[in-house]
Protein chains: 2
Amino acid sequence: MSPVEITPRHVRARDARDAAPLFAALGDETRLALLGRLSSGGPGSIAHLAHGSKVSRQAITKHLEVLSFAGLVTSEKQGRERVWKLAPERLAAAHAYLDHISRQWDDALERLKTFVEE
Amino acid sequence: MSPVEITPRHVRARDARDAAPLFAALGDETRLALLGRLSSGGPGSIAHLAHGSKVSRQAITKHLEVLSFAGLVTSEKQGRERVWKLAPERLAAAHAYLDHISRQWDDALERLKTFVEE
DNA sequence: GAAATAAGCAACCAAATCGTTGCACATCGC
DNA sequence: GCGATGTGCAACGATTTGGTTGCTTATTTC
């Protein structure tokens, strides 16, 4: 990994319109748990991911569809199973957007501080 | 700013239960726009923030309450106005959580890669 | 003190969200 | 082929969300 990374255009969330759906997809406990499970356990089928969950298989399917729509996971049909896995690019986009507003906030708070001190 | 920063405990989102409401609060275009406005324009009253917005003053009030509940903004009554401003700590928490899952994803993908290569 | 401005409160509405159940369809293993 | 397993699809229901309007209350300002 190179010390300086340039975030590629296609993973950057340019503005609120891009970023909001992404954060909305992350804004659910069950979905964050799913991402955690895919991360620690590797790719898995719906039944596998639903096993041990509080909610039904169909609920898990819906959550996976939401994550998929946000671009955070992808799936592939393998035999009678559909196997889901992480799609890291859009997570990088969320990251980039948070970095973006963090910098904005830092600047804003710095300006305020300067203003108060003057 | 020191080169190495240790994220304080109180701004860290420890698990999905902490982080989900935070992302949910960020998962709305209008709210992201509000945060952007507070960031670029500094603290502002409700009427000020609502001016030029697509939605009504009351809608803005509700969005500010959501952001406030998530800990992303705070307000203070000044005369007949209520002035809202950014609260950077919880944004840092969202940031920390994204960092956390980014690392998890990197590790997971690395393990997968290794597994495939073996 | 009266008009204007800023905000708070409550009721209401439409649509989205999160969950369920029931059933159909596809595929695997014997 | 047949049962078991994994998924897809559709309908339904409860709750939340995002928005509105109307009215009241508080504070300035002239």
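Within every chain, numbering begins at 1; the chains are lettered A, B, ... in the order of the sequence lines, protein sequences first and strands thereafter. Bear in mind that the values here come from a model prediction, so they are computed numbers and not experimental data.
- To the nearest 0.5 Å, the span separating CD on A:Gln58 from CD1 on A:Ile46 amounts to 9.0 Å.
- Where B:Gln58 and A:Lys54 meet DNA chain C, the nucleotide closest to each residue was compared, and B:Gln58 sits on the side nearer the 5' end.
- The interatomic distance linking A:Leu34 (CG) with C:dG19 (P) rounds to 10 Å, in whole Å.
- In terms of modelled atom types and a separation under 3.5 Å, the side chain of B:Ser102 and the main chain of B:Leu98 share a donor-acceptor contact.
- Here the side chain of B:Thr61 pairs a donor or acceptor atom with the backbone of B:Arg57 at under 3.5 angstrom.
- Spacing between atom CD of A:Glu29 and atom P of C:dT17 amounts to 18 Å, rounded to whole angstrom units.
- Aromatic ring orientation, B:Phe23 versus A:Phe23: parallel (interplanar angle below 30°, classes split at 30° and 60°).
- Put simply, CD on B:Glu81 is 19 Å from P on C:dA4, counting in whole angstrom units.
- Of the possible polar contacts, one joining the B:Ser40 side chain to the B:Gly36 backbone as a donor-acceptor pair under 3.5 Å is found.
- When the side-chain nitrogen and oxygen atoms of B:Arg82 are compared with OP1 and OP2 of C:dG8, one or more of them lie within a distance under 4.0 Å.
- With rounding to whole Å, A:Leu64 atom CG is found 15 Å from C:dG19 atom C1'.
- Across all their heavy atoms, A:Ala108 and B:Ser39 have their closest contact at CB-O, 2.9 Å.
- Proximity of residues 41-48 of chain B to DNA chain C (heavy atom under 4.0 angstrom from any strand atom) is restricted to B:Ser45, B:Ile46, B:Ala47.
- In the hydrophobic clustering of this structure, A:Leu22 groups with A:Tyr97; members are Ile, Leu, Val, Met, Phe, Trp, Tyr whose side-chain heavy atoms approach within less than 4.5 Å, directly or through other members.
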Output a table of nitrogen or oxygen pairs between the protein and nucleotides 24-29 of chain C separated by less than 3.5 Å.
| unit_1 | atom_1 | unit_2 | atom_2 | d |
| --- | --- | --- | --- | --- |
| C:dT27 | O2 | A:Arg80 | NH1 | 3.3 |

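- Contact annotation: the side chain of A:Trp84 never approaches that of A:Ser45 to less than 4.5 Å [non-hydrogen atoms, C-beta and beyond].
- By the 4.5 Å heavy-atom criterion applied to side chains, A:Leu26 and A:Leu72 are counted as neighbours.
- Looking at A:Leu32, A:Leu35, A:Leu34, A:Val73 one by one, the single match for side-chain contact (heavy atoms from CB on, under 4.5 Å) with A:His63 turns out to be A:Leu34.
- Hydrophobic clustering places B:Leu49 together with B:Leu67 (ILVMFWY residues linked when any side-chain heavy atoms are closer than 4.5 Å, directly or through intermediates).
- Of the residues near DNA chain C, B:Trp84 and A:Arg31, the one whose nearest nucleotide (by heavy atom distance) lies more toward the 5' end is B:Trp84.
- Of all nucleotides in DNA chain D having an atom under 4.0 Å from a heavy atom of chain B, the first and last in 5' to 3' order are D:dG18 to D:dT28.
- Following rounding to the nearest Å, A:Ile60 (CD1) and C:dG19 (C1') show an atom-to-atom distance of 11 Å.
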